[in-house]
Q: 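Below is one structure. I have some questions about it.
Both backbone and side-chain heavy atoms feed into the values below; hydrogens, waters and symmetry mates do not.
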Amino acid sequence: MTQTIGIIGAGLVGKAVAHLAVAAGYRVVISNSRGPESLAGLIEELGPLGRAGLVEEAIAAGDIVSLAIPLAAYESLPADKLVGKVVLDQTNYYPGIGNFRRADLDAGELTSSELVQRHLRGAKVVKGMHNLGWHHMQYNARPQGHAERTTLPVAGDDAVAKQAVARFIQAVGYDVVDAGSLAESWRIEPNTPIYFWPYTPSIPEGLTDREAKTAYLQPGEPLSANAAQTLIAQTQRPSPIGGTLEGLPPIHVALFLELASANTVQR
């Protein structure tokens, strides 16, 4: 039986997940704050396995529901509709961007995924597919057994839900390692060794801006499961907690700002 991935958020990350999912044979129902009619172009790209819907429709249809939204929007999620659902949490805490900042997150009293789980009581939250950019989420995907297949971590409190998310991630092109519980998911949050940088290519010196951007839009070096587990095990909690633009590849930030200024980033 073909599974369905419900996606809340049709920005750069949501679109990347949708493309990976349909390429792997999943059905997709994707939603955003602007309504299904705003997603006509994306649905044409996705083909017959994709359709647009309201947030409630994406939730109802999804065997797994992806949160491809800013963490700041977590309280807008209809918690009652997500009871019993496997929720793939792709959010990240970036306190310096926008107006969203919480003292409990800054103090390490809980992780961002624990915050999401606390709001979504009755849902089964799994952290995953959050630690690489939208470009490389698609560019790095490889079939099972491929020499260049790389590894992503997941974390969660429900073992069955974590297995379901792992199977999805494996199907769309990645090996998976278990990073522990939601309380331990700080090990795979922004500014940790397994966040972002392992999935990007090295950029040679002396390139023009245009050449550097072209070089950046290539797959990163594959990360083995053993290497991923080592990075996770050796991680120390960042201080301060939370991501920063300075902690990302400058080319990635430039590409994002270009898209944002062109009004192509949708939520």
Q: Is there a path of hydrophobic side-chain contacts, each under 4.5 Å between heavy atoms of I/L/V/M/F/W/Y residues, joining Leu49 to Val29?
A: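 The answer is no; the residues belong to distinct hydrophobic clusters.
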Q: Measure across Val65 and Ala58 and return the closest heavy-atom pair with its distance rounded to 0.1 Å.
A: CG2-O, 4.4 Å
Q: For residues Ser31 and Gly53, report the shortest heavy-atom separation together with the two atoms involved.
A: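 Closest heavy-atom pair between Ser31 and Gly53: CB-O, 3.1 Å.
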Q: Using atom types as modelled and distance alone, determine if a side-chain donor or acceptor of Gln218 lies under 3.5 Å from a backbone N or O of Ala215.
A: no
Q: Can you sort out the partners of Ser181 under side chain to side chain donor-acceptor pair (under 3.5 Å), two or more places apart, ordered by chain and number?
A: Glu184
Q: Quick check: does any side chain N or O of Lys162 sit under 3.5 Å from a backbone N or O of Ala155, one acting as donor and the other as acceptor?
A: no
Q: Is there a path of hydrophobic side-chain contacts, each under 4.5 Å between heavy atoms of I/L/V/M/F/W/Y residues, joining Val86 to Ile169?
A: yes
Q: Give the ring-plane orientation class for Phe168 versus Tyr26, where under 30° counts as parallel, over 60° as perpendicular and anything between as tilted.
A: perpendicular
Q: Without swapping roles, check the side chain of Asn32 against the backbone of Gly35 for a donor-acceptor pair under 3.5 Å.
A: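 Answer holds: yes.
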Q: If we count only N and O atoms by modelled type, under 3.5 Å, do the side chains of Thr111 and Ser185 hold a donor and an acceptor together?
A: yes
Q: Which heavy atom of Pro204 sits nearest a heavy atom of Ser202, and at what distance?
A: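 Heavy atoms only, the tightest pair is CD-O, 3.6 Å.
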Q: Applying side chain to side chain donor-acceptor pair (under 3.5 Å), name anything that partners Arg187, two or more places apart in sequence or on another chain.
A: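 Once residues adjacent in sequence are excluded, Arg187 has no partner under the side chain to side chain donor-acceptor pair (under 3.5 Å) criterion.
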Q: Check for me whether the distance between the ring centres of Tyr199 and His136 falls short of 6.0 Å.
A: no
Q: If you define the side chain from C-beta out and look only at heavy atoms, does anything of Phe100 sit under 4.5 Å from Pro95?
A: no
Q: Pair Val17, Val172 - check side-chain contact (heavy atoms from CB on, under 4.5 Å), show working.
A: CA-CA 9 Å; Val17 174; Val172 302; over 6 Å; no
Q: Around atom CG of Asp80, are there more than 12 heavy atoms of other residues, nucleotides or ligands at under 6.0 Å?
A: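 For Asp80, atom CG is crowded (more than 12 foreign heavy atoms under 6.0 Å).
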Q: Measuring from atom CD1 of Ile8 to atom CD1 of Ile30, what distance do you get when rounded to the nearest 0.5 angstrom?
A: 10.5 Å
Q: Treating Ile, Leu, Val, Met, Phe, Trp and Tyr as nodes and any side-chain heavy-atom pair under 4.5 angstrom as an edge, say whether Val83 and Leu182 lie in one connected cluster.
A: no
Q: Among side-chain atoms of Glu45 and His19, is any donor-acceptor pair under 3.5 angstrom?
A: yes
Q: Return yes when atom NZ of Lys124 has more than 12 non-hydrogen atoms of other residues, nucleotides or ligands closer than 6.0 Å, and no otherwise.
A: no
Q: Taking Asp89 for its side chain and Val125 for its backbone only, find out whether a donor-acceptor pair lies under 3.5 Å.
A: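 Checked: no pair found.
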Q: Can you tell if the side chain of Phe256 reaches within under 4.5 Å of the side chain of Leu245, non-hydrogen atoms only?
A: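 No; the side chains remain at least 4.5 Å from each other.
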Q: Using only heavy-atom distances, determine whether the side chains of Asn92 and Ser112 contain a donor-acceptor pair under 3.5 Å.
A: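 No, no side-chain donor-acceptor pair sits under 3.5 Å.
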Q: Do Leu67 and Leu88 have side-chain heavy atoms sitting under 4.5 Å apart?
A: no
Q: Would you say that Leu223 contacts Leu231 through its side chain, given a criterion of any heavy-atom pair below 4.5 Å between the two side chains?
A: yes
Q: Decide, yes or no, whether a salt bridge links Asp104 with Arg118 under the criterion of side-chain N to carboxylate O below 4.0 Å.
A: yes
Q: Is there a side-chain contact between Ile194 and Thr235, using heavy atoms and a 4.5 Å cut-off?
A: no
Q: Honestly curious: do Ile251 and Leu207 fall in one hydrophobic cluster under the side-chain, below-4.5 Å linking rule?
A: yes
Q: Val87 versus Leu120: any side-chain heavy-atom pair under 4.5 Å?
A: yes
Q: Determine yes or no for a side-chain-to-main-chain donor-acceptor pair under 3.5 angstrom, with Gln138 supplying the side chain and Leu20 the backbone.
A: no
Q: Measuring from atom CG of Asp63 to atom CD of Gln3, what distance do you get when rounded to the nearest 0.5 angstrom?
A: 4.5 Å
Q: I'd like to know if Glu114 pairs up with Lys127 as an ion pair, taking the criterion as any Lys NZ or Arg NE/NH1/NH2 lying under 4.0 Å from an Asp or Glu carboxylate oxygen.
A: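 No.
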Q: Under 4.5 Å between side-chain heavy atoms, counting indirect links through other Ile/Leu/Val/Met/Phe/Trp/Tyr residues: same cluster for Leu54 and Val28 or not?
A: no
Q: What I want to find out is whether Glu148 reaches Arg142 closely enough, with some N-O distance under 4.0 Å, to be called a salt bridge.
A: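 Salt bridge present between Glu148 and Arg142.
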Q: Show the nearest heavy-atom pair for residues Pro190 and Pro238, with the distance to one decimal.
A: O-CG, 3.9 Å
Q: Report yes or no: do Asn140 and Thr150 form a side-chain donor-acceptor pair below 3.5 Å?
A: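 Short answer, no.
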Q: State the CD-CG distance between Glu44 and Leu39, to the nearest 0.5 angstrom.
A: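 Between Glu44 CD and Leu39 CG, I get 13.0 Å after rounding to 0.5 Å.
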Q: Nearest 0.5 angstrom please: Thr2 OG1 to Ile5 CD1, how far?
A: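 Interatomic distance, Thr2 OG1 to Ile5 CD1, rounded to 0.5 Å: 11.0 Å.
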Q: Between CG of Leu248 and OH of Tyr195, what distance do you get to the nearest 0.5 Å?
A: 6.0 Å
Q: Mind checking whether His252 and Trp134 have ring centres under 6.0 Å apart?
A: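 Yes; Trp134 has its ring centre under 6.0 Å from that of His252.
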Q: How far apart are the C-alpha atoms of Glu57 and Lys81, what are their side-chain angles, what is the distance that settles it, and do they pass the salt bridge (charged side-chain N to carboxylate O under 4.0 Å, His left out) test?
A: CA-CA 10 Å; Glu57 292 175 307; Lys81 306 292 184 185; over 6 Å; no
Q: Could you tell me if the side chain of Phe196 sits less than 4.5 Å from the side chain of Leu132, heavy atoms only?
A: no
Q: Please round to the nearest 0.5 Å and tell me the distance separating atom CG of Leu77 and atom OG1 of Thr91.
A: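 Taking CG in Leu77 and OG1 in Thr91, the distance rounds to 9.0 Å.
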Q: Can you list the steps and then say if Arg51 with Leu46 is a side-chain contact (heavy atoms from CB on, under 4.5 Å)?
A: CA-CA 8 Å; Arg51 70 178 177 90; Leu46 296 177; over 6 Å; no
Q: Is any side-chain heavy atom of Trp186 closer than 4.5 Å to a side-chain heavy atom of Glu189?
A: yes
Q: Under 3.5 Å, is there a donor-acceptor pair between the Arg149 and Gln144 side chains?
A: yes
Q: Is the backbone of Ile7 close enough, under 3.5 Å, to the side chain of Ser66 for a donor and an acceptor to pair up by distance?
A: no
Q: Mind listing the closest non-hydrogen atom pair of Ala16 and Met137 along with its distance?
A: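 The answer is CB-SD, 3.9 Å.
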Q: Mind checking side chain to side chain contact (heavy atoms under 4.5 Å, CB included) for Ala23 and listing every partner two or more places apart, or none if nothing turns up?
A: none
Q: Any donor and acceptor pair, going by atom type alone, linking the side chain of His130 with main-chain N or O of Val154 inside 3.5 Å?
A: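 Checking the backbone N and O of Val154 against the side chain of His130, no donor-acceptor pair under 3.5 Å is found.
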Q: Would you name the heavy atoms of Pro153 and Ile232 that are closest together and state the gap between them?
A: CB-CD1, 3.8 Å
